[in-house]
*Asks:* 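Next up is a structure, given as C-alpha cells.
What you see is a predicted model, and the numbers here were worked out from it, not measured in a lab.
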Amino acid sequence: MAAKENAPAVVHLLLGCMAVDAGNLDQGRVHLEHAHRADPKAPLVANNLAWVLANSSPPNLNEALELINLAVEISPSHANIRE
C-alpha cells in the first residue's frame, strides 16, 4: 500500500521522513510530494517538503518558500514550523 501513490498522506509523510533520515533526499521528496498532493493543507507535510526542497541539490528555494509560507498560514502558532 505504501508504494502506491494513492496511499494516505500520513503514510507518505512517514516514508518521506524515514527516507530523509536515512540520507535519501530524492526518495524523501517523492513521498513528501505524494503526501502533499493527498493533503495539501497539512502543515507538517508542507514544512518537511519545504526543508527537502531547500536542502536538495540544486535547491528549489522558490517552491520551498511557497510551501513554508503555506504551512505558517495554515498553522501560525505551530512552533516547529516557525523555527
Side-chain angles (χ1 to χ4, degrees):
M1 178 176 164
K4 295 182 180 182
E5 280 187 42
N6 62 351
V10 68
V11 171
H12 282 294
L13 174 62
L14 292 173
L15 290 172
C17 290
M18 289 171 56
V20 169
D21 284 344
N24 191 338
L25 291 182
D26 290 335
Q27 184 181 15
R29 179 188 47 77
V30 168
H31 281 293
L32 291 168
E33 286 174 343
H34 289 314
H36 185 63
R37 279 194 293 279
D39 189 356
K41 297 291 186 181
L44 291 178
V45 172
N47 182 58
N48 283 285
L49 181 54
W51 186 92
V52 168
L53 292 172
N55 288 281
S56 293
S57 181
N60 186 340
L61 299 178
N62 289 334
E63 189 174 349
L65 182 60
E66 287 178 21
L67 286 166
I68 200 58
N69 284 338
L70 173 66
V72 170
E73 179 183 319
I74 294 167
S75 188
S77 61
H78 197 279
N80 288 344
I81 291 173
R82 290 210 168 264
E83 69 177 49

*Asks:* Could you report the tightest heavy-atom contact between Ile74 and Pro40, atom names first, then the distance?
*Replies:*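 Distance-wise, the nearest heavy atoms are CD1-O, 4.3 Å.
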*Asks:* How many angstroms lie between atom CD1 of Ile68 and atom CG of Asn47, to the nearest 0.5 angstrom?
*Replies:*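 Answer rounded to 0.5 Å: 4.0 Å.
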*Asks:* Are Val45 and Asp39 side-chain neighbours, meaning at least one heavy-atom pair lies under 4.5 Å?
*Replies:*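 No - every pair of side-chain heavy atoms lies 4.5 Å or more apart.
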*Asks:* Give, for atom NE2 of His34 and atom CG of Leu15, the distance between the pair rounded to the nearest 0.5 Å.
*Replies:*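 Those atoms lie 10.0 Å apart.
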*Asks:* Taking a hydrophobic cluster as the set of Ile, Leu, Val, Met, Phe, Trp and Tyr residues connected by side-chain heavy atoms closer than 4.5 Å, whether directly or through intermediates, do Leu70 and Leu49 fall within one such cluster?
*Replies:*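 They do not share one cluster, since no chain of ILVMFWY contacts under 4.5 Å joins Leu70 to Leu49.
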*Asks:* Work out which heavy atom in Ala38 is nearest to a heavy atom in Ala9; give both atom names and the distance.
*Replies:*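 Looking at all heavy atoms of both residues, the shortest contact is CB-CB, 3.8 Å.
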*Asks:* Would you say Asn69 and Glu66 are linked by a side-chain donor-acceptor pair, where the criterion is simply a distance under 3.5 Å?
*Replies:*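 Per modelled atom types, Glu66 and Asn69 side chains form no pair under 3.5 Å.
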*Asks:* Any chance the side chains of His12 and His31 put a donor and an acceptor closer than 3.5 Å?
*Replies:*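 A donor-acceptor contact under 3.5 Å links the two side chains.
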*Asks:* Quick check: does any side chain N or O of Ser75 sit under 3.5 Å from a backbone N or O of Ala71, one acting as donor and the other as acceptor?
*Replies:*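 Between the backbone of Ala71 and the side chain of Ser75 there is no qualifying donor-acceptor contact (under 3.5 Å).
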*Asks:* Quick one, Val11 and Leu13 - any side-chain contact, counting heavy atoms below 4.5 Å?
*Replies:*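 Val11 does not reach Leu13 side chain to side chain.
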*Asks:* Can you measure from CG (Asn60) to OG (Ser56) and round to the nearest 0.5 angstrom?
*Replies:*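 Interatomic distance, Asn60 CG to Ser56 OG, rounded to 0.5 Å: 8.5 Å.
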*Asks:* Is there a donor-acceptor pair closer than 3.5 Å between any side-chain N or O of Asn55 and the backbone N or O of Trp51?
*Replies:*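 Flag set: sc Asn55 to bb Trp51 pair under 3.5 Å.
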*Asks:* With a 4.5 Å cut-off on side-chain heavy atoms, are Leu32 and Arg29 touching?
*Replies:*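 Side chain of Arg29 against side chain of Leu32, heavy atoms only: no contact under 4.5 Å found.
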*Asks:* Rounded to the nearest 0.5 Å, what separates atom CG in Leu67 from atom CD1 in Ile81?
*Replies:*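 The CD1 atom of Ile81 is 11.5 Å from CG of Leu67, to the nearest 0.5 Å.
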*Asks:* Rounded to the nearest 0.5 Å, what's the gap from CG on Leu61 to CG on Leu53? Could you check?
*Replies:*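 These two atoms lie 9.0 Å from each other.
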*Asks:* How long is the straight-line distance from CD of Gln27 back to CE of Met18, given to the nearest 0.5 Å?
*Replies:*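 That separation rounds to 9.0 Å.
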